[in-house]
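Scroll down for the structure; my scribbles are underneath it.
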Amino acid sequence: MGWLTRFLAAVAFLAAGIIFSPETFGSLSKGENSAKLLIFLKLSHLLSFATAWGAALWATFIGGIIMFKNLPRHQFGNLQSKMFPAYFTLVGSCCAISLSAFGYLHPWKSSSAVEKYQLGFLLSAFAFNLTNLLVFTPMTIDMMKQRHKVERENNIGDEVGWSKNREKAKTIPKLAAMNKKFGMIHGLSSLANIFSFGSLAMHSWYLAGKMDL
């Protein structure tokens with residue numbers, strides 16, 4: 001079942017809930033409707049933020065490292081070229097939803113300084129992910145494919161780790177130049193991802209301060 005099928009199934013269940021249980025989503029008065037809207041917005045913000053935070057934590061510090069240490073390098077690169085666009089799309093979309101909901105709940109003109117900072121953090125996280133999705137990821141994938149071609153011509157890339165690449169790069173200037181360019185582009189992408197994660201971390205600190213356990 002693809003993501004689109006799961007999404008449509010979720011929408012169908014939501015529609016069924018609205019049709020067969022209108023009191024859950026509707027209201028009998030404007031006041032109740034407003035209260036339910038606030039709950040919906042808070043839930044949208046919380047779930048979207050939690051999804052973005054969890055996905056970023058896993059992809060940045062756990063999943064990618066495990067795959068790199070256990071998969072042949074070309075296989076790892078090809079897998080990442082499919083995963084990163086989906087990853088940045090997911091996290092960027094969640095940041096957009098979270099930002100929109102938080103912005104609705106905390107209008108700029110009436111927000112406190114702390115709330116304005118949080119809007120800034122969420123906006124930054126969204127912008128960094130959008131930049132990665134539209135700029136750095138396509139550049140990284142294109143550079144990776146060019147380098148894979150050169151490596152295959154020299155019978156490297158099926159090993160785990162960078163050792164053979166580094167050895168060959170000492171005698172193949174073209175590969176060395178590709179490594180340098182790839183490292184620069186990938187470094188900018190990683191930096192944007194870390195900044196996004198840091199922005200989400202700052203917002204998590206804000207949310208923790210709002211909890212009353």
Side-chain angles (χ1 to χ4, degrees), residues 1-8 48-98 121 124-202 204:
M1 181 182 287
W3 71 268
L4 182 57
T5 304
R6 291 194 291 269
F7 175 76
L8 292 175
S48 297
F49 169 77
T51 301
W53 170 262
L57 178 66
W58 175 263
T60 304
F61 299 107
I62 303 174
I65 295 174
I66 292 174
M67 287 187 288
F68 178 75
K69 290 184 176 181
N70 291 277
L71 289 176
R73 194 157 47 77
H74 282 188
Q75 192 177 106
F76 167 75
N78 290 330
L79 178 60
Q80 292 291 75
S81 72
K82 303 298 182 183
M83 290 185 61
F84 272 127
Y87 162 64
F88 290 126
T89 298
L90 171 65
V91 177
S93 298
C94 287
C95 288
I97 295 172
S98 191
F121 288 134
S124 296
F126 171 71
F128 284 127
N129 278 280
L130 190 64
T131 301
N132 248 327
L133 177 64
L134 300 180
V135 181
F136 294 137
T137 295
M139 292 173 65
T140 302
I141 293 174
D142 182 62
M143 193 67 240
M144 180 200 73
K145 289 181 178 179
Q146 293 181 38
R147 189 173 65 168
H148 280 190
K149 182 178 178 181
V150 173
E151 289 178 331
R152 283 193 296 269
E153 292 172 353
N154 290 273
N155 299 316
I156 57 176
D158 292 329
E159 73 285 350
V160 176
W162 289 99
S163 58
K164 288 188 177 182
N165 174 284
R166 290 171 178 169
E167 291 175 7
K168 288 286 185 178
K170 294 177 182 178
T171 58
I172 305 176
K174 183 178 181 180
L175 182 58
M178 285 184 166
N179 285 346
K180 184 176 181 180
K181 186 175 180 179
F182 178 84
M184 180 184 68
I185 298 171
H186 187 265
L188 290 172
S189 177
S190 298
L191 190 62
N193 186 54
I194 290 296
F195 281 153
S196 171
F197 184 82
S199 297
L200 292 174
M202 294 301 295
S204 71

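Numbers here simply count residues along the sequence, with the first being 1.
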Does any part of the side chain of [Y], heavy atoms only, come nearer than 4.5 Å to the side chain of [X], both counted from C-beta?
X: Y87; Y: L133; answer: no
X: M144; Y: H148; answer: yes
X: F182; Y: T140; answer: yes
X: K145; Y: N78; answer: no

Interatomic spacing from [atom1] in [X] to [atom2] in [Y] - rounded to 0.5 Å:
X: H186; Y: I141; atom1: NE2; atom2: CD1; value: 10.5 Å
X: L200; Y: S196; atom1: CG; atom2: OG; value: 4.5 Å
X: W53; Y: S199; atom1: CH2; atom2: OG; value: 11.0 Å
X: T60; Y: N193; atom1: OG1; atom2: CG; value: 4.0 Å
X: N154; Y: E167; atom1: CG; atom2: CD; value: 12.5 Å

Kindly say whether [Y] contributes a backbone atom to a donor-acceptor pair with the side chain of [X] at under 3.5 angstrom?
X: T137; Y: N132; answer: yes
X: S204; Y: A201; answer: yes
X: D142; Y: P138; answer: no
X: N129; Y: V91; answer: no
X: R73; Y: V160; answer: no
X: T131; Y: A127; answer: yes
X: T171; Y: K168; answer: yes

- If the plane angle is over 60° it's perpendicular, under 30° parallel, otherwise tilted; pick one for F61 and F197.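 F61 vs F197 ring planes: perpendicular.
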Between [X] and [Y], which heavy-atom pair has the shortest distance, and what is it?
X: G161; Y: F68; answer: CA-CZ, 4.4 Å
X: L71; Y: Q75; answer: CD2-OE1, 3.2 Å
X: L175; Y: A169; answer: CD2-N, 4.0 Å
X: P85; Y: Q80; answer: CD-O, 4.2 Å
X: A125; Y: C95; answer: CB-SG, 3.8 Å
X: F126; Y: G92; answer: CD1-O, 3.3 Å

- Start with the C-alpha distance between N165 and N179, add both sets of side-chain angles, then the distance that settles side chain to side chain donor-acceptor pair (under 3.5 Å), and finish with yes or no. CA-CA 9 Å; N165 174 284; N179 285 346; 2.7 Å; yes
- Query: Which of these, E151, E159, R147, sits in a side chain to side chain donor-acceptor pair (under 3.5 Å) with H74?
  - Reply: E151
- Please test S190 against F136 for side-chain contact (heavy atoms from CB on, under 4.5 Å), starting from the C-alpha separation and ending with a verdict. CA-CA 9 Å; S190 298; F136 294 137; over 6 Å; no
